[in-house]
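A short worksheet on the structure shown next.
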Amino acid sequence: MPTIQALRTQIDTLNLRLLEILSERAQLAEEIGELQTQVGTAHYDPAREAEMLDALTQANPGPFTDATVKSLFKSIFQASMQLEQESDKVKYLTSRQTRREDTVVHLGDVPIGSTHAPVLVAGPCSIESEEQMDAVARFVSERGVKLLRGGAFKPRTDPYSFQGLGVEGLRLGREVCDRYGLKFISEIMDAADLPAFVEYADMLQIGARNMQNFTLLKAVGRSNKPVLLKRGLSATIEEWVMAAEYLLYEGNPNVVLCERGIRTFEKYTRNTLDVSAVALAKLETHLPVLVDVTHSGGRQDLLIPLTKAGLAVGADGIMIEVHPNPAVALSDNKQQVDFRTFDIYLEETGYHKKLSQKRHEVYGF
Ligand code: PEP
Ligand code: MN
C-alpha cells in the first residue's frame, strides 16, 4: 500500500505537468487569437467548442463523468478566450497600465508633475489691458509664481459680455511674461487660432466648454505645445480621460489635466469640486493633474480649503484667478482675488514655501 505522502508527491508532479501542458495550450490559443484578429473573425466559435467537447467525452477513460470532463474543459476554453480577448483590448496611451511612470510636463524650465513641487498657475480671468497685465505679472512673479494665466479668447455664456482681446491679448500676455520671466497659459477655442497660440503661448488651455471639441483636440494634439485640459462641466472622468487620449493619439504627450468642478444640484457653490476625480485621474492615468479652485467653488472663502483638499488628494498644482482690481474686472469679477487677498492665500496655504520645495516635503507622504 503506497503512503498518502507518496501519492501526494505523484500528484504534485502531475500538477506541474498539467500546468506545463495548459500553458502550452494557452500559447497556441493566443496564436490562434492573433490570427483571428488579423483576418477579423470572432474568437468564440461554438461549433468548434462542441466538436472538442464531443471528442473529449468520447475519449473519456473515467473515473470523471462526461459532465465533469465537459465542465473542466469549458473552464479551460473560457480562460483561453479571455487571453484572446485581452490581446484585442486597446492600449490607451493615457493609461497607467500602458505607462507606469508619472509624466512630467515641462514648460521651459518649469516641471509639472511626479516628484516636483506643486505649481501655482495665477493670473486674471481675462487679459484686459497692458497696465492690468503688467501689474499682475510683476506681482505674482515677485512671489515666486512661474506660471501666468490669462484669457484672450473667452468662452462667455452671454454673447453680449466681454469676449476677450483676441490676438492682441495673446501678444500682451507674451510681452509681460517675457518681462518678468513667466510662462504664459491661455485658452484656445478655435483650431484656426493655433498659429497665433503657437507663437505667443507656452501652454494651450482647452476649456471646460470645449473639452469634447474633437476638431480642436485633434489640431492641438498635432501641435507640440503643452496642453492644459479642463474637465467638461458635466463630463465623466472617462470622457475627460478620453479627450486627453485624443491629444496623445495625435502625437502630443505633454498633457496636464485640470479638475475645475462639475455641475451638480448644489447651489452654494458655482460647481462641485470633485476631489475623487483628482485622485482617480492620478491613479488611472500617468498625467499631471491640477485643481482650479476659482471656477470650482466660485467663492473666495473656499479658495484656501479647496487648495488644501486638492493637494491632499495628490494634485500637482493649483490654478487661481488674481486681478489688480477684481471689482472692475471684465469677467468673473466676484471670484478673482485682489493682491492683498492673494498674499493671505499664499500665507494660509503655505504655497509661497511649497513652490520651492520637493513634492514629498510639501505633501508629507
Ligand atoms: C478659465 O479658466 O478662464 C475658464 C473659462 O475656465 P473653464 O473652462 O474651466 O470654465
Ligand atoms: Mn474665469
(request) Answer yes when Arg179 and Glu130 have at least one side-chain N-carboxylate O distance shorter than 4.0 Å, and no when they do not. (result) yes
(request) Evaluate the ring planes of Tyr351 and Tyr345, with Trp represented by its six-membered ring, and classify them as parallel (under 30°), tilted (30 to 60°) or perpendicular (over 60°). (result) parallel
(message) Please give me the minimum heavy-atom distance between Gly207 and Lys230, naming the atom from each residue.
(response) C-CB, 3.9 Å
(request) Consider only side-chain N and O atoms of Thr57 and Asn60, and report whether a donor and an acceptor are under 3.5 Å apart. (result) no
(message) Assess whether a salt bridge exists between Lys154 and Asp332, defined as any Lys/Arg side-chain N lying under 4.0 Å from an Asp/Glu carboxylate O.
(response) no
(message) Any salt bridge linking Arg222 with Glu250? Criterion: basic side-chain nitrogen under 4.0 Å from a carboxylate oxygen.
(response) yes
(request) Kindly indicate, with the supporting measurements, whether the criterion ring pair (Phe, Tyr, Trp, His ring centres under 6.0 Å) is fulfilled by Tyr180 and Phe139. (result) CA-CA 10 Å; Tyr180 296 104; Phe139 171 76; over 10 Å; no
(request) Taking ring pair (Phe, Tyr, Trp, His ring centres under 6.0 Å) as the test, write out the residues that go with Tyr200, two or more places apart. (result) none
(message) Applying side chain to side chain contact (heavy atoms under 4.5 Å, CB included), can you list everything that pairs with Pro155, at least two apart in sequence or on another chain?
(response) Glu187, Met189, Arg209
(request) For Asp12 and Arg8, run salt bridge (charged side-chain N to carboxylate O under 4.0 Å, His left out): C-alpha distance rounded to whole Å, both residues' side-chain angles, the deciding distance at 0.1 Å, then the answer. (result) CA-CA 6 Å; Asp12 287 345; Arg8 281 185 168 166; over 6 Å; no
(request) Determine, for Arg48 against Glu51, whether the closest basic-nitrogen to carboxylate-oxygen distance falls under 4.0 angstrom. (result) yes
(request) State whether Arg156 and Asp158 are salt-bridged, where the test is any N-O pair (Lys NZ or Arg NE/NH1/NH2 against Asp/Glu carboxylate O) under 4.0 Å. (result) no
